[in-house]
Amino acid sequence: MAVEKSTMLALGTSAPDFDLIDTVTGKNVRLGDMASRKALVIIFLCNHCPFVVHIQEGLVAFANDYAESDTSIVSISSNDAVTYPDDAPERLAAVARDRGYRFPVLYDETQEVAKAYTAACTPDFFLFGPDRKLAYRGRFDDSRPGSGVPVTGTDLRAALDAVLEDRPVHLEQYPSMGCSIKWEPGNEPY
């Protein structure tokens with residue numbers, strides 16, 4: 001299996017705008033909908049990638065643990081659903097319901113949002129502070145499928161806690177690793 005790493009978008013970058021359909025509710029979700037929250041976590045994910053499957057329970061725990069905090073969490077799937085039907089909106093919604101995700105699972109049909117964030121793999125994490133400037137990007141933690149390392153979300157949790165507590169986020173950040181985003185033929189940005 002080929003492993004892709006996140007591009008590590010420059011810290012301080014403003015959150016690119018989006019307006020996407022939530023696969024569970026059918027409602028549009030926009031970047032501006034989360035303006036009242038201090039922190040914004042954006043997760044690029046999909047259904048079929050073993051790296052995402054490996055951390056699904058950790059994502060549920062993460063969302064549950066921060067449900068009462070001043071944090072918005074949203075996930076986005078940008079994979080080509082024609083080539084990867086497991087990542088089609090109806091399948092994304094089914095997995096979200098089955099897993100009990102407490103965050104919207106948005107579908108980026110045009111793949112323009114993934115390009116705007118320079119998302120390269122699934123999972124790929126982006127944390128923005130109250131000014132919607134990028135404070136953290138990279139991995140959830142150092143667990144990988146088959147590694148025997150527990151899924152904790154340590155890296156993302158530490159960064160989010162720093163943002164919520166008005167402390168600087170540690171600048172040593174590691175790229176996420178996973179499956180490449182499955183671009184539509186001819187739509188590959190990199």
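- Ser143 is linked by a side chain to side chain donor-acceptor pair (under 3.5 Å) to His54, counting only residues two or more places apart in sequence or in another chain.
- Residues satisfying the side chain to side chain donor-acceptor pair (under 3.5 Å) criterion with Lys133, sequence neighbours excluded, are Ser14.
- Within the structure, the ring-ring contact (aromatic ring centres under 6.0 Å, His included) test picks out no pair touching residues 142-176 (sequence neighbours left out).
- For Arg37, there are no side chain to side chain donor-acceptor pair (under 3.5 Å) partners at least two apart in sequence or on another chain.
- Heavy-atom minimum distance, Thr71 versus Leu160: OG1-CD1, 3.7 Å.
- The two residues Ala39 and Val163 make their nearest non-hydrogen contact at CB-CG1, 3.9 Å.
- With hydrogens and angles ignored, the 3.5 Å screen pairs no side-chain donor or acceptor of Asp108 with any backbone N or O of Ser78.
- If you chain together hydrophobic residues whose side chains sit under 4.5 Å apart, Val29 and Tyr107 never meet in one group.
- The side-chain heavy atoms of Arg144 and Val149, taken from C-beta on, include no pair separated by under 4.5 Å.
- Contact record, Val169 with Ala135: CG1-O, 3.4 Å, taken as the closest heavy-atom pair.
- Counting heavy atoms from C-beta outward, Cys46 and Cys179 have side chains that stay 4.5 Å or more apart.
- The local environment of CD in Glu112 is crowded, with over 12 non-hydrogen atoms from other residues, nucleotides or ligands closer than 6.0 Å.
- Rounded to the nearest 0.5 Å, atoms OG (Ser77) and CG (Leu45) are 6.5 Å apart.
- In the displayed structure, Lys38 atom NZ is contacted under 6.0 Å by more than 12 heavy atoms of other residues, nucleotides or ligands.
- Residues that satisfy the salt bridge (charged side-chain N to carboxylate O under 4.0 Å, His left out) test with Glu165, not counting sequence neighbours, are Arg167.
- The main-chain N or O of Ala10 is found under 3.5 Å from a side-chain atom of Thr13 such that the two form a donor-acceptor pair.
- For the pair Cys121/Ile181, no side-chain contact is recorded, criterion being any heavy-atom separation below 4.5 Å from C-beta on.
- For Glu4 (side chain) and Met177 (main-chain N/O), no donor-acceptor pair under 3.5 Å exists by modelled atom type.
- Checked by atom type and distance alone, the side chain of Gln173 pairs as donor or acceptor with a backbone atom of Arg137 at under 3.5 Å.
- In this structure, Tyr117 has its ring center closer than 6.0 angstrom to the ring center of Phe44.
- Looking at every heavy atom in both residues, Pro50 comes nearest to Pro145 through O-CG, 3.7 Å.
- Proximity of Thr154 to Asp142: side-chain heavy atoms (C-beta onward) are nowhere separated by under 4.5 Å.
- Formation of a donor-acceptor pair under 3.5 Å by the Lys182 side chain with backbone atoms of Ser180 is found in this model.
- Contact check for Ile76 versus Leu20: side-chain heavy atoms found under the 4.5 Å cut-off.
- Applying the ring-ring contact (aromatic ring centres under 6.0 Å, His included) test to pairs two or more places apart or on separate chains, none has a residue in residues 16-36.
- Between Ser176 and Ser6, the shortest heavy-atom contact is N-OG, 2.8 Å.
- Leu9 and Val74 fall within a single hydrophobic cluster, where Ile, Leu, Val, Met, Phe, Trp and Tyr side chains are chained together by heavy-atom contacts under 4.5 Å.
- Val52 places none of its side-chain heavy atoms less than 4.5 Å from the side chain of Asn47.
- Here His48 pairs with Tyr84 under the ring-ring contact (aromatic ring centres under 6.0 Å, His included) rule; sequence neighbours left out.
- Residues Phe62 and Val41 meet the side-chain proximity criterion, which asks for heavy atoms closer than 4.5 Å.
- Leu171 and Leu156 are members of different hydrophobic clusters when ILVMFWY side chains are connected at heavy-atom separations under 4.5 Å.
- Between Ala114 and Trp183, the shortest heavy-atom contact is CB-CH2, 3.7 Å.
- The main-chain N or O of Val105 is found under 3.5 Å from a side-chain atom of Thr23 such that the two form a donor-acceptor pair.
- Put simply, the side chain of Asp124 gets close to the backbone of Ala120: a donor and an acceptor are under 3.5 Å apart.
- Linking ILVMFWY residues whenever their side-chain heavy atoms come closer than 4.5 Å, directly or via other members, leaves Leu106 and Val95 in distinct clusters.
- A search for ring-ring contact (aromatic ring centres under 6.0 Å, His included) contacts involving Phe103 returns Tyr101, not counting sequence neighbours.
- For the pair Leu127/Leu40, no side-chain contact is recorded, criterion being any heavy-atom separation below 4.5 Å from C-beta on.
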Problem - Verdict with reasoning, Ile73 to Arg102, per side chain to side chain contact (heavy atoms under 4.5 Å, CB included) - result: CA-CA 8 Å; Ile73 302 171; Arg102 291 181 70 157; over 6 Å; no
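- Residues Met34 and Leu59 do not share a hydrophobic cluster, defined by chaining ILVMFWY side chains whose heavy atoms lie under 4.5 Å apart.
- Using a 4.0 Å cut-off between a side-chain N of Lys or Arg and a carboxylate O of Asp or Glu, Asp22 and Lys27 do not qualify as a salt bridge.
- Applying the side chain to side chain donor-acceptor pair (under 3.5 Å) test to Tyr66 and every residue at least two apart in sequence or in another chain returns Asp161.
- For residues 64-84, the pairs satisfying salt bridge (charged side-chain N to carboxylate O under 4.0 Å, His left out) are Asp65-Arg157, with sequence neighbours left out.
- Residues satisfying the salt bridge (charged side-chain N to carboxylate O under 4.0 Å, His left out) test with Asp19, not counting sequence neighbours, are Arg30.
- In this structure Phe125 satisfies the ring-ring contact (aromatic ring centres under 6.0 Å, His included) test together with Phe140, sequence neighbours excluded.
- In this structure, Asn79 CG and Asp86 CG are separated by 10.5 Å, a value rounded to the nearest 0.5 Å.
- A side-chain donor-acceptor contact under 3.5 Å links Thr118 and Thr7.
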